[in-house]
Amino acid sequence: MKFPDGFLWGGAVAAHQLEGAWNEGGRGPSICDVLTGGAHGVAREITDGVVEGRNYPNQRGIDYYHTFRSDDSLFQEMGFKCFRTSISWSRIFPNGDEDEPNEEGLKFYDKLFADYRAKGMEPVVTLSHFEMPLHLAKQGGFVNRDVVDCFVRFATTVMERYKDLVKYWLTFNEVNNQMEMHTEIFPYTNSGIIPDPNDTPHEVEQKVWQAIHNEFVASAIVVKRGHEINPDFQIGCMIAMVPIYPATCNPDDVMHAEVLMRDRLLFGDVYVNGEYPHYLLNRWEREGFDIKREPGDDEIIKAGTVDFISISYYMSAAVKASEVPNWDGHGLPGQVRNPYIAATDWGWQIDPVGLRYVLCTLYERYRKPIFVVENGIGMYETPDADNFVSDDARIAYLRSHIEQVGKAIALDGVEVMGYTVWGCIDVISFGTGEMKKRYGLIYVDADDYGKGSYRRFRKKSFDWYRKVIASNGEEL
């Protein structure tokens, strides 16, 4: 198994999980700045503004805003060919609806992307990664059509500013997370939809579908605009891929899994094909959703298809049709434990073969290059007396998944652009807001409440991944 020349090895993070400095440099509050810390089984709360005495981990991050040069040197030491991050929307437009951007915020990313380039790393930049200005969320988020214009203004501003520094762009991160519509954090972070306790389930779903349509329009406008700014731009979508298996070969289970997978594939269907699939239009009509589509929207979506598909991959799921009546509205209807694979301490089922499976599925469906921009494992970790973490379980996880990427390339003919480890440095966990759920190849001495020295230490996986990159995937 040989990875292609120019394969983009690297790491991935998001601004809201590592930058910190939430109120510095003219930055305005974002939606994640009012998410409290949670834990496994304890949901994060969305508060009405910043409430004194509550723990808001994303406000701190890991202080990358001030430490990026030394952190980037560690990434350079590992040999990263690329580095994926996001631009904090509220650092550029503090409220989101200003006519002019915040120059101090723009200058920060001038320095950041120049530092990546100087250290041999190609920036891979996500435009919307759960960082909508809080002010726009209070105006309805992407349910409000005006927010499309705000996003396009933001995206155009940064693509023009960094047209000579950034080649690879992603529009919306894990946009299909919000198909879990009744788990409040997902519509909130994807689309800025603040939960309303007075909404019926159908009203919640109506809002989410409307936001999704508006995001499809926004993404298409930005893709077209980006190609006008710089024809060499490569602009992709980003989908959270969790393959859904039938728990048995019972045809009811097989069909149930097929229908549930549409909630993930419909995003690629629109981003790549430039039109809504029949199964979705049928669903909207059947379930009574009135999606406002302005004249010209279909043409906009058709004209703004993506150049490549990027994915996150952490786990697979299994479902059983007969278990659907027991569904509580969260997670997948009919989801059951897969007895053939292990799980992490947070219940995420470890399935390396599933990564090869989704790469094959997506490539045969779309015939577009695929970029694995998130893959990793969260673990409890305690350094030894020398501040060293022997994270052999992480190495085993990453090795087994990279092997499957190699098989997809060599055996299945899938065009894979690159692979970036999620949380190459310990960051705030998105789902729980914890620091103790550690993904990094670099340990950050900080706890869930911001206590610690914030010093960085190389884990065992650091040197392992360095050798993987140096050998272009041959030494695993």
Side-chain angles (χ1 to χ4, degrees), residues 12-35 50 58-61 63-66 68 72 83-117 123-142 144 146-173 175 189-192 214-215 218-219 221-226 228-230 233 235 238:
V13 294
H16 72 277
Q17 289 166 276
L18 87 165
E19 280 185 7
W22 75 287
N23 56 0
E24 294 184 41
R27 182 184 179 278
S30 80
I31 51 178
C32 279
D33 293 327
V34 294
L35 271 178
V50 177
N58 296 84
Q59 295 181 5
R60 299 184 298 269
D63 199 33
Y64 182 72
Y65 184 82
H66 298 110
F68 70 87
D72 293 350
F83 190 75
R84 179 197 173 209
T85 190
S86 59
I87 295 176
S88 174
W89 186 350
S90 66
R91 205 175 283 290
I92 309 304
F93 288 92
N95 286 325
D97 57 4
E98 296 92 346
D99 292 330
E100 298 297 328
N102 170 35
E103 180 63 22
E104 193 169 353
L106 289 169
K107 286 180 177 176
F108 169 71
Y109 292 104
D110 285 335
K111 293 182 290 186
L112 184 66
F113 299 148
D115 196 56
Y116 294 167
R117 287 285 188 181
V124 179
V125 176
T126 311
L127 291 165
S128 179
H129 196 144
F130 314 157
E131 289 144 359
M132 177 184 287
L134 184 61
H135 172 73
L136 292 185
K138 291 184 175 182
Q139 305 304 310
F142 270 103
N144 180 353
D146 291 343
V147 172
V148 172
D149 296 331
C150 296
F151 178 71
V152 170
R153 184 184 303 116
F154 158 65
T156 301
T157 298
V158 297
M159 288 191 298
E160 288 178 342
R161 179 82 169 212
Y162 310 120
K163 64 181 185 294
D164 298 322
L165 286 172
V166 179
K167 176 181 179 180
Y168 298 98
W169 300 88
L170 311 177
T171 53
F172 290 91
N173 180 73
V175 69
T189 52
N190 271 139
S191 299
N214 290 343
E215 286 161 348
S219 176
I221 294 171
V222 166
V223 170
K224 189 170 184 294
R225 188 76 53 85
E228 292 166 354
I229 292 169
N230 186 342
F233 278 172
I235 309 174
M238 201 295 203

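Every residue was checked against the side-chain hydrogen bond (donor to acceptor under 3.5 Å, both in side chains) condition with Lys138, not counting sequence neighbours, and none meets it. Residues forming a side-chain hydrogen bond (donor to acceptor under 3.5 Å, both in side chains) with Tyr168 (at least two apart in sequence, or on another chain): none. Taking Asp33 as the reference, Arg27, Ser30 meet the side-chain hydrogen bond (donor to acceptor under 3.5 Å, both in side chains) condition, with sequence neighbours excluded.
For the pair Val222 and Ala155, the tightest heavy-atom approach, listed with the atom from each and the gap, is CG2-CB, 3.6 Å. Of all heavy-atom pairs between Ser88 and Glu131, the closest is CA-OE1, 3.9 Å. The two residues Pro133 and Gly96 make their nearest non-hydrogen contact at CG-CA, 3.7 Å. The shortest heavy-atom contact between Thr171 and Ile235 is CG2-CG2, 4.1 Å. When all heavy atoms of Val152 and Ala218 are compared, the closest pair comes out as CG2-O, 4.4 Å. Shortest non-hydrogen contact noted between Asn214 and Asn144 is ND2-C, 4.2 Å.
Remark: Gln59 CD to Cys32 SG distance equals 11.0 Å, nearest 0.5 Å. Note: Asn190 CG to Asn173 CG = 7.5 Å, rounded to the nearest 0.5 Å. Here the OG1 atom belonging to Thr156 is positioned 4.0 Å from the CZ atom belonging to Arg225, to the nearest 0.5 angstrom. Note: Glu19 CD to His66 NE2 = 10.5 Å, rounded to the nearest 0.5 Å. Expressed to the nearest 0.5 Å, how far CG of Leu106 lies from CD1 of Ile92 amounts to 4.5 Å. Distance check: Ser90 OG to Trp22 CH2 gives 10.0 Å after rounding to the nearest 0.5 Å.
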**Message:** side chain to side chain contact (heavy atoms under 4.5 Å, CB included) for Leu136 and Phe151? Distances and angles first, verdict last.
**Reply:** CA-CA 10 Å; Leu136 292 185; Phe151 178 71; over 6 Å; no

Problem - Check against side chain to side chain contact (heavy atoms under 4.5 Å, CB included), Asp146 and Gln139 - result: CA-CA 9 Å; Asp146 291 343; Gln139 305 304 310; over 6 Å; no

Practice problem: Using the salt bridge (Lys or Arg N to Asp or Glu O under 4.0 Å) rule, take Arg161 and Glu103 through it: C-alpha gap first, then chi angles, then the decisive distance, then the call. | Solution: CA-CA 11 Å; Arg161 179 82 169 212; Glu103 180 63 22; 2.8 Å; yes

Exercise. Run the side-chain hydrogen bond (donor to acceptor under 3.5 Å, both in side chains) check on Asn230 and Tyr162 step by step: do they pass?
Worked result: CA-CA 10 Å; Asn230 186 342; Tyr162 310 120; over 6 Å; no

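With hydrogens and angles disregarded, a donor-acceptor distance shorter than 3.5 Å links the side chain of His16 to the backbone of His129. A donor-acceptor pair under 3.5 Å is formed between the side chain of Ser86 and the backbone N or O of Ala15.
For His135 and Asn95, the side-chain atoms include no donor-acceptor pair closer than 3.5 Å.
Only one option out of Tyr109, Phe154, Phe130 pairs with Trp89 in a ring-ring contact (aromatic ring centres under 6.0 Å, His included); it is Phe154. If you run ring-ring contact (aromatic ring centres under 6.0 Å, His included) between Phe68 and each of Phe113, Phe83, Phe108, Tyr116, only Phe108 comes through.
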